[in-house]
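First up is the structure itself, then whatever we jot down about it.
Per chain, numbering begins at 1; letters A, B, ... match sequence-line order. All of these numbers come straight from a predicted model, not from anything done at the bench.
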Amino acid sequence: MSIRADEERPGPEPSDGGPPDGELVARTVDGDLAAFDELVNRYQRRAVSASYRLLGNIHDAAEVCQDAFLRAYQSIGTLKERDRFGPWLMRIVSNLSLNYRRSRKAASRAGALPIDDVLRDDEASVPSTVEAALAPGGAGEMAEVVQKAIQELPDKQRLALVLFAVEGWPQKDVAEILGCSLEAVKWNVFQARRTLKLKLAEYL
Amino acid sequence: MNETFNTEWERLLADRLDGDIGPEQAARLQAMLDADENARREAADLLRVDLAIRAWAGRLPATDWSAFRAEVMTRVQAEAARRRKVFRVRRIISLTAPLAAAAALAFAVMYYRPGPRADRPEPVAGLSKPGAIHVAYNRPARPAPRAGAGSIRVTFERSAELGRKVAQEDETARNAPVVAVASTARGSIAPDVVRCLPPI
């Protein structure tokens, strides 16, 4: 997968007027790979974007999301509410991203990472190094600080904040993805904002 | 952890930041903030945090989505091919397993021979039918008047009792010593079955 140096916003969910998710899921279960291809096309941006926010590295995010789509395909027959494919997929993406992040941390602590991965990981922890240099008016530095501060949030707060405040998933869906109540989502997003307020105090 | 708001103004502020607040709630929040300097400062800081998050949210490295999608579908197609193969093998097994089981059962019924057991004699070499009793006579010219005149050798495979019965029912062998040769699972002639039967 090639990564260009420029940037783009994740963008809203494509409203292509195509068949609903439930129909595409049903066709996938019946063996129609083109239907699953359409689901990939529909959700790839949001999946990779959310994973990128959680991992801080676009290469890792892409790898995790490819795995997430494969797992979704393997288990799609178990999806009961077929029109809820999106939140279901995001739950897989979130879990795999957190697992990936934990394993990366553990490997880093154990000194088990090959030097290339360590370098790549360093690059990942400051993903906007190049972007910062390119960004006008120091916006890149701020982005880097925000990225770092978000990475340091507790898992649940980070997930709730990224999915709701960054990726724009409805709180009801975020509650489903996190497996908690709507109230808990609101509280975790609020706490995340409060923690960020402390971490970003000198920049605000 | 108790994931609930401690105060009403926090809850209302969260609703405000989430874009999920009605006019009445907004007015109440405003009144609370007007009355509390700390709450007002907190709200202002959190609004700035929210703006910083939104600015950061726009920054995503551009990605070749066609290539990403192609890679996903390559892996999915490989998985689909693997599943088709597994499905074919399972289908073959599901179709042939009952036939194989039936054939095995039929084979077992047709060719079943009781296996050796402690109380079941081994087939004796040279004897064609299992379970058959072979009687060899060394019989006198006429019914034996006394014990020891001639002998009967009974070779049996299933039951020493049956062997004795056969010997007893043989009128010509009355009073003759019966040599019951039992071939047992232990493969040897049981010496305790060799005895002279009393007259019938």
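- Under a 4.0 Å N-O distance rule, the pair B:Glu10/A:Lys186 does not qualify as a salt bridge.
- Atom CZ of B:Arg75 is separated from atom CG of A:Leu70 by 5.0 Å, given to the nearest 0.5 angstrom.
- If you tally non-hydrogen atom pairs under 4.5 Å between each of A:Leu200, A:Leu196, A:Asp67, A:Asp37 and chain B, the highest count goes to A:Asp37.
- Here the CD atom belonging to B:Glu79 is positioned 11.5 Å from the CZ atom belonging to A:Arg71, to the nearest 0.5 angstrom.
- Rounding to the nearest 0.5 angstrom, the gap separating the CG atom in B:Asp45 from the CG atom in A:Leu198 is 9.0 Å.
- With respect to B:Asp18 and A:Arg193, a salt bridge is recorded, a charged nitrogen being found less than 4.0 Å from a carboxylate O.
- Annotation: the span from A:His59 atom NE2 to B:Thr63 atom OG1 amounts to 9.0 Å, rounded to 0.5 Å.
- With values rounded to the nearest 0.5 angstrom, A:Gln66 atom CD is found 4.5 Å from B:Glu71 atom CD.
- Heavy-atom distances place the side chain of A:Phe164, and not its backbone, under 4.5 Å from chain B.
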- Task: Let me see the working for B:Trp56 and A:Val145 under side-chain contact (heavy atoms from CB on, under 4.5 Å), right down to the final yes or no.
- Result: CA-CA 10 Å; B:Trp56 171 75; A:Val145 171; over 6 Å; no

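- Taking a 6.0 Å sphere around CD of B:Glu24, one finds it holds 12 or fewer heavy atoms contributed by other residues, nucleotides or ligands.
- A cation-pi contact links B:Arg83 to A:Tyr73, judged by a cut-off of 6.0 Å to the six-membered ring centre and 45° from its axis.
- No other option in B:Leu13, B:Asp50, B:Val49 has as many heavy-atom pairs under 4.5 Å with chain A as B:Val49.
- The backbone N or O of B:Thr4 lies less than 3.5 Å from a partner atom in the side chain of A:Trp187, making a donor-acceptor pair.
- Side-chain contact between A:Phe69 and B:Met73 is absent, with no heavy atoms from C-beta onward closer than 4.5 Å.
- The 12-atom threshold is not exceeded at CZ of B:Arg16, counting heavy atoms of other residues, nucleotides or ligands nearer than 6.0 Å.
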- Output, in order, the C-alpha distance, side-chain angles, deciding distance and verdict of salt bridge (Lys or Arg N to Asp or Glu O under 4.0 Å) for A:Glu183 and B:Arg11. CA-CA 10 Å; A:Glu183 183 73 4; B:Arg11 172 61 203 246; 2.3 Å; yes

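- When each of B:Ile53, B:Leu51, B:Leu17 is scored by its heavy-atom pairs under 4.5 Å with chain A, the top score falls to B:Leu17.
- A:Phe190 contributes atom CZ, which lies 5.5 Å from atom CG of B:Leu46 (distance to the nearest 0.5 angstrom).
- Counting heavy atoms from C-beta outward, B:Glu3 and A:Gln191 have side chains that stay 4.5 Å or more apart.
- Only the side chain of B:Asp20 comes within less than 4.5 Å of a heavy atom in chain A; its backbone stays farther off.
- Surrounding CD of A:Glu81 are at most 12 heavy atoms belonging to other residues, nucleotides or ligands under 6.0 Å away.
- Closest approach of A:Ala62 and B:Phe68 over heavy atoms only: O-CE1, 3.5 Å.
- B:Arg48 places no side-chain N or O within 3.5 Å of a backbone atom of A:Ala201 that could act as its donor or acceptor partner.
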